Amino acid sequence: MKKPLLFLMALGMLNAASAQNTVQLEASKNPVTINKNIYGHFAEHLGRCIYDGFYVGEGNKQIPNTNGVRNDIIAALKKLKVPILRWPGGCFADTYHWKNGIGDKSKRPSMVNTWWGNVTEDNSFGTHDFLNMCKEIGAEPYLSGNVGSGEVQELADWVQYVNYDAKSPMSDLRRKNGQDKPWKVKYWGVGNEAWGCGGNMTADYYKDIYRKYATFMSDPGVDGGLFKIASGASDDDYHWTETLMRDIPNHMLQGVAMHHYSVDWNHKSSATKFNEDEYFKTMKSALFMDELVIKHSAIMDKYDPKKKIALVVDEWGGWYDVEPGTNPGFLYQQNTMRDAMIAGCTLNIFNNHADRVRLACLAQAVNVLQAVILTKGNKIIETPTYHVMEMYNVHQDATLIPIQVKSENYVHNGKALPAVSASASKDKVGSTHISLVNIDPVKKQTITIDLGDEAYKTVTGRILKSAKLQDFNSFDKPNEIHPQVFNGAKLNAKNLTVEIPPFSVVVLELK
Ligand code: AHR
């Protein structure tokens, strides 16, 4: 049957109208700073993250190091501007007894790392090693305290050991071990995943445990006091957040954590040999972060309307099958353009919710899960995720520019996800940065950006792209995927038109 011309024209116009990507930059009534700690990382005693990752030992003559920590990793993480580093776990934290990791290394007791491969942990990398390494990197340390198998006194002692300047039992011990001045560690996790590996507690039980432990973590002269973070919910366990927010007095709590991995727990795909079904599921799980942040924040708003307490997403990232032939307990996985998509979208979500999300840690920094660095002997790789985090570091401590995004759909097997994700900020010297991600593995996107009232003279940009979604940097070709100059943005008065290729990440700078 012939369709009337007018109907066809109208349909065409409708398609054209709905097939548009638009980003509207808006003026902010209450300016919000994107806390640089959103760009944090996580280093656990797990697999090859610390040993044979960060730490190769003081005596190592093959791999240049500073006090046993690889110089190439220190340099790469400095370039990344890592603001904060969480340690020693994860699940490991609730088995870790910090006093076993101080003093003469040859005399330290060993333990079994029961969560991760049942390997022997010789405690040769301990508190001094970690805190001095953070100094080298220029990152704030974030220590996870043991509440699962540790004692209140043990955690109170750790605080005193690393923070107390005047004479005390623990500062005397620190001095005996060669560190005169305290490190003044501000960020402290009170347990990890208390609902699971941290003790299989109920929210109701943990909230009292938190109150007890936090009471004895006294604040010996850290500027602004300690920043104590309660072990938070897994994914959409909103009851957990509700219980902590309702039953812990606000003044005892500076952050509430939440963990979310981009994973299908029933079917973890290969990190590199995945199909589009698996890609779609990963991205759906990654984008779910937005709903999680909104819903956990709404609960927090009820009890803390002034948003004094931070939502701390201190574990996030993609989780796949381990690389064939590697220890299943070591969680070593390669890192492809799929991971770049996860990183770009997740960081946009955090930026856009910077009023509540003020600390986050990618899991994990080196050789574990969605790592920014992989190592093999004396070689290292900076992964696609590394490059996204480096491109995005322009947002650190910048002022968020609120945006409205209208996106075309990325459709797969009749299911849809928004293809375009974005965030924007203005830095201290007045440059505006807009980060854009197109997760569609096939279609490029044309995006019209309304720049609002600002007048700009120039636009420049960088792009991370590759020929195949499954591409990665290997030890033979470590630089296959790296940021390149992007010329696909056209500035026209107060509008910008950007053409962004499939599965790519772009960061624009406007002056
Ligand atoms: O990052 C790996 C593990 O994932 C952490 O140890 C734990 O907290 C989470 O379940």
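The model shown is predicted, which means the values in this text are computed figures rather than measured ones. One-based numbering, in listed order, for ligands and for the atoms of each. We count residues from 1, following the sequence as given.
Checked for salt-bridge contact, Arg86 and Glu315 meet the test: a charged N lies under 4.0 Å from a carboxylate O. Classification of Lys281 and Glu276 as a salt-bridged pair fails, no side-chain N sitting under 4.0 Å from a carboxylate O. The existence of a salt bridge linking Arg108 and Asp122 is excluded, since no basic side-chain nitrogen approaches an acidic carboxylate oxygen closer than 4.0 Å. At a threshold of 4.0 Å, the pair Arg338-Glu278 does not count as salt-bridged, since none of the basic side-chain nitrogens sits closer than that to a carboxylate oxygen.
Distances below 4.0 Å separate heavy atoms of Cys91 from the following atoms of ligand 1: 5 (C), 6 (O), 7 (C), 8 (O). Ligand-side atoms of ligand 1 in range of Gln364: 1 (O), 2 (C), range being under 4.0 angstrom from any heavy atom.
When the heavy atoms of Phe42, Trp116, Trp115 are ranked by distance to atom 3 (C) of ligand 1, first place goes to Trp116.
Looking from atom 10 (O) of ligand 1 to the surrounding protein, the closest heavy atom is Glu193 OE1, 2.7 Å. Given atom 1 (O) of ligand 1, the protein heavy atom at minimum distance is Tyr261 OH, 2.8 Å. Nearest protein heavy-atom contact of atom 4 (O) of ligand 1 is Glu315 OE1, 3.2 Å.
Annotation: Leu331 places no N or O atom under 3.5 Å from an N or O atom of ligand 1; distance criterion only.
From Lys228, atom NZ reaches atom CD of Gln254 across 6.0 Å, with rounding to the nearest 0.5 Å.
Under 4.0 Å from ligand 1, not a single heavy atom of Val368 appears. At a 4.0 Å heavy-atom cut-off, ligand 1 touches Trp319 through the side chain alone.
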